[in-house]
Protein chains: 2
Amino acid sequence: MKLRASGLGKNNAYTKRLNRQTVLGLLRRDPAQSRAELARVTRLSPQSVSNIIGDLEQAGLIEPAGKVYGGKGQPATNYRIVAERGYGIGLHLDRDFVRATLIDFAFEPKARLRSTLTTSSAKGVQAALGRLIDKLITKAGISPDLVWGIGIASPSLRDERVIDTESLEGSLWSALHSYEIDRRLAHDKGLPVIVENDANAGALAEATFGKAQGLRDFCYLFLAHGFGAGIVHDGALFQANAGEIGRLQIVHEGKTVLLESIVSIEHLLDRLGASGSARDREAGFAGLVEARRKETEKWIAQSAPHLRWLVGTLENILDPETIILGSDLPEWVLDRLIELAEPLPHNIALRSTRTAPRLQKGLLDRDMIGLGAATMPLLATIEADPASRWKISGTVFDVFHGLDD
Amino acid sequence: MKLRASGLGKNNAYTKRLNRQTVLGLLRRDPAQSRAELARVTRLSPQSVSNIIGDLEQAGLIEPAGKVYGGKGQPATNYRIVAERGYGIGLHLDRDFVRATLIDFAFEPKARLRSTLTTSSAKGVQAALGRLIDKLITKAGISPDLVWGIGIASPSLRDERVIDTESLEGSLWSALHSYEIDRRLAHDKGLPVIVENDANAGALAEATFGKAQGLRDFCYLFLAHGFGAGIVHDGALFQANAGEIGRLQIVHEGKTVLLESIVSIEHLLDRLGASGSARDREAGFAGLVEARRKETEKWIAQSAPHLRWLVGTLENILDPETIILGSDLPEWVLDRLIELAEPLPHNIALRSTRTAPRLQKGLLDRDMIGLGAATMPLLATIEADPASRWKISGTVFDVFHGLDD
DNA sequence: GTGATTTACTCAACTGAGTGGATTTAGGTA
DNA sequence: TACCTAAATCCACTCAGTTGAGTAAATCAC
């Protein structure tokens, strides 16, 4: 039966795809489940689940993972995702460098690379990214055919550059948009390419690897050169243009300014008198921050009240389950920021059903954003209800293809 | 085939229900469409649509609405919703009064009533609401059996009262929550009762009757005694605890205060020196506002910058298609507020794909909130993808019941 | 006018999704 | 050893939407 895509009406083929994706999604999130267990969760009949499991196994997406003894009745056969069945590549494009990560279908990181980009021409960047991807695949020791796609996270994603264009000129993400590097890369590699902003990728990473696992409503604040937020509501990411928290107007010392003119690494580095390569993340502004600890503390003291205000604002508008603060700053800076943000405003977030902290530190992995980016092609390939409706260059694989004939 | 509700897996029965709801939803939003047209939109086969149309007609939900001549080929038979097939009742509970509205299945208002509540005991309120509903049904001249449910909109909806409890004590909505009037009313009337906050109900009303028709992402700001927002994202309402914009912290004349301590009718009335019944909406604070125009202008001048800030803040966080300002204040006050809110902040909302104004005035119907509340039981009964996952007391009718045997 | 053309709609056979009851399997338990 | 329980399967079945042939009723071209 043909699947009539993108229509409002649903047919059996659609249902089948949905159920396959649902079962696969459950196995991905919680490894090792039996047919009977899946039937209970999905409320499908054991027979249907059995058929689906058979299909997925035939497609090489899952495999048996031993039997469970100890209970009454016949022991159940557990199944798990076949980690080596597919891979996702994530590129984190920052101002001065690129980090590339590769994760397998079990969402385990397999290889990482970083590279400082010397060229700033769009064509040069395109070529450099292509080489980096090849190198990453080689390093992981996998077949290029098994890569399902490429996710790109860049600091700013706007369909139009109505603001601060000058600060973007000549940068990587300028090339990304004006030169359509994503489309060209998709063509070069024959793979789907998905672009997101860094904060959204970070939110995906926290949802997959970090503090937001299992949460359906949360905010991820990414304190970088700028200050952005990835907002997840009802399990889905907000579109790229939302979450521009750095551009919120605040009053600082009597003057109305943008939040990120205070709360951003950019501003911290200004205060520390950093210049040239000392501003680069790779060259290690972390060292500078350590060396100028006193001045950094002052910045923290100044920023914390604004963070407190931001938490209250986001809570009042969005009522998330938790707010996660991520950054490449040293851990003690984040700890201190969160510490000084207390006491958080008295508002609805104080409800007794709360389980997660109102404000917490994110994972500290430096490849966080790249990891999130790497999940995108995997999610786009297998998820029934993808975290977001991404703009995708190229065509996503149909992992179920060939099962029906 | 049995529908296995609330499971993750889908079966044929689920698909059938979904397709029926989809077709019905299309006919509701755009009256008079033919089978062939619906088949094109839904991407279902003409045969399937024909079957569905047959079912819906047999259930009395739709009826033929004439043939379309003029084009080539056989003229198409249009169908439309049967307006008299069902009704929704909306109650707008404010501090000092209740407005009740009844709309038919074509979402046309059929009867309105208002009542000042003298009693404040929970039991008394319950009884009064019951009588008001009966009166409304009588006034509309319809059979009580045809009412599909009751929607209640109240100024504040919080699952717990962690804030400002004293200002809620003894009020209608205090009774609503602590005494569970919704549950009791559902039991009394044998009807499903759905509770929402007033701003969310207003957002529903704008989406159904007003400026937000066809929009999937917008904010509705409801400037009342307090200041709340209904947020619609991807066609769905945010849960009740979100949108508490009145509790955002702003800096006013050097002091940090809550937004609604300035931008709210409560504060305006304070400034106008209103007391007692002059504060009531029904007794007409509008007259007072007119009489004290100069002082009102001052309040507007003071509030507008905060409104400007709020628009920028919401845009940066949520990136809505439009922001709608609703209120019971006189029209000129809203016009002036919006006028003085210009120039709006320079941000991503300036994108060229914009079609709706960034900030606009909502419908001025005084029953706006009640109308939105009245849509809730109708939507809950027929929508495939309900605007929100409401907490519903009682059981929603199954309008398709009896079709399958 | 007349016939070709176009479009709406229907009939009846069909495909294939999940279902349900009987059955087999394989461990625990008395 | 005999019984119980739960997992998994066999197979006939139900009933979604689909398909393709066919009919009805309008407009269009000459």
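We name chains A, B, ... by the order of the sequence lines, and we start the count at 1 in each one. Computed from a predicted structure; not experimentally measured.
For the pair A/Ile52 and A/Thr22, the minimum side-chain heavy-atom distance is 4.5 Å or more. Side-chain contact between A/Ile142 and A/Lys110: absent, with no pair of heavy atoms (C-beta onward) separated by less than 4.5 Å.
In the set D/dT18, D/dA6, C/dT7, the nucleotide with an atom closest to the side chain of A/Lys72 is D/dA6. Among D/dA26, C/dG18, C/dA17, the nucleotide with an atom closest to any side-chain atom of B/Asn11 is C/dG18. Among the nucleotides D/dT9, D/dC15, C/dC9, the one closest to any side-chain atom of B/Asn12 is D/dC15. The listed nucleotides are D/dA16, D/dA8, D/dT18; the one nearest the side chain of B/Leu44 is D/dT18. In this structure, the nucleotide among D/dG17, D/dA16, C/dC9 sitting nearest to the side chain of B/Thr77 is C/dC9. Of the candidate nucleotides D/dG17, C/dT10, D/dA8, D/dG17 has the atom nearest to the side chain of B/Ile52. For A/Ala76, whose side chain is taken as the heavy atoms from C-beta onward, the closest listed nucleotide among C/dT10, D/dA7, D/dT9 is D/dA7. Checking C/dC9, C/dG18, D/dA8 against every side-chain atom of B/Ala36, the shortest atom distance belongs to C/dC9.
A cation-pi geometry, defined here as NZ or CZ lying under 6.0 Å from the six-membered ring centre and within 45° of its normal, does not hold between A/Arg85 and A/Phe105. Within the cation-pi definition used here (under 6.0 Å to the ring centroid, within 45° of the axis), A/Arg17 does not qualify as a partner of A/Phe400.
Whole-Å rounding puts the A/Glu37 CD to D/dA6 P distance at 14 Å.
In the interface, the side chain of B/Gln74 is not paired with the base of D/dA25 through any donor and acceptor atom under 3.5 Å apart. Donor-acceptor pairing under 3.5 Å, judged by distance alone, is absent between the side chain of B/Gln47 and the base of C/dC9.
Within the 4.0 angstrom heavy-atom criterion, only backbone atoms of the sugar-phosphate kind lie near A/Ser50; the bases stay farther away.
Classification of the B/His233-A/Phe238 ring pair by plane angle, with boundaries at 30° and 60°, yields parallel.
For the pair A/Ser48 and C/dT19, the criterion of a side-chain N or O lying under 4.0 Å from OP1 or OP2 is met. Look at A/Arg17 and you won't find any side-chain N or O under 4.0 angstrom from OP1 or OP2 of C/dA17. Applying the 4.0 Å criterion to OP1 and OP2 of C/dT7, one finds that B/Arg40 has every side-chain N and O outside that range. Close to C/dT7, at under 4.0 Å from its OP1 or OP2, lies no side-chain N or O of B/Arg35.
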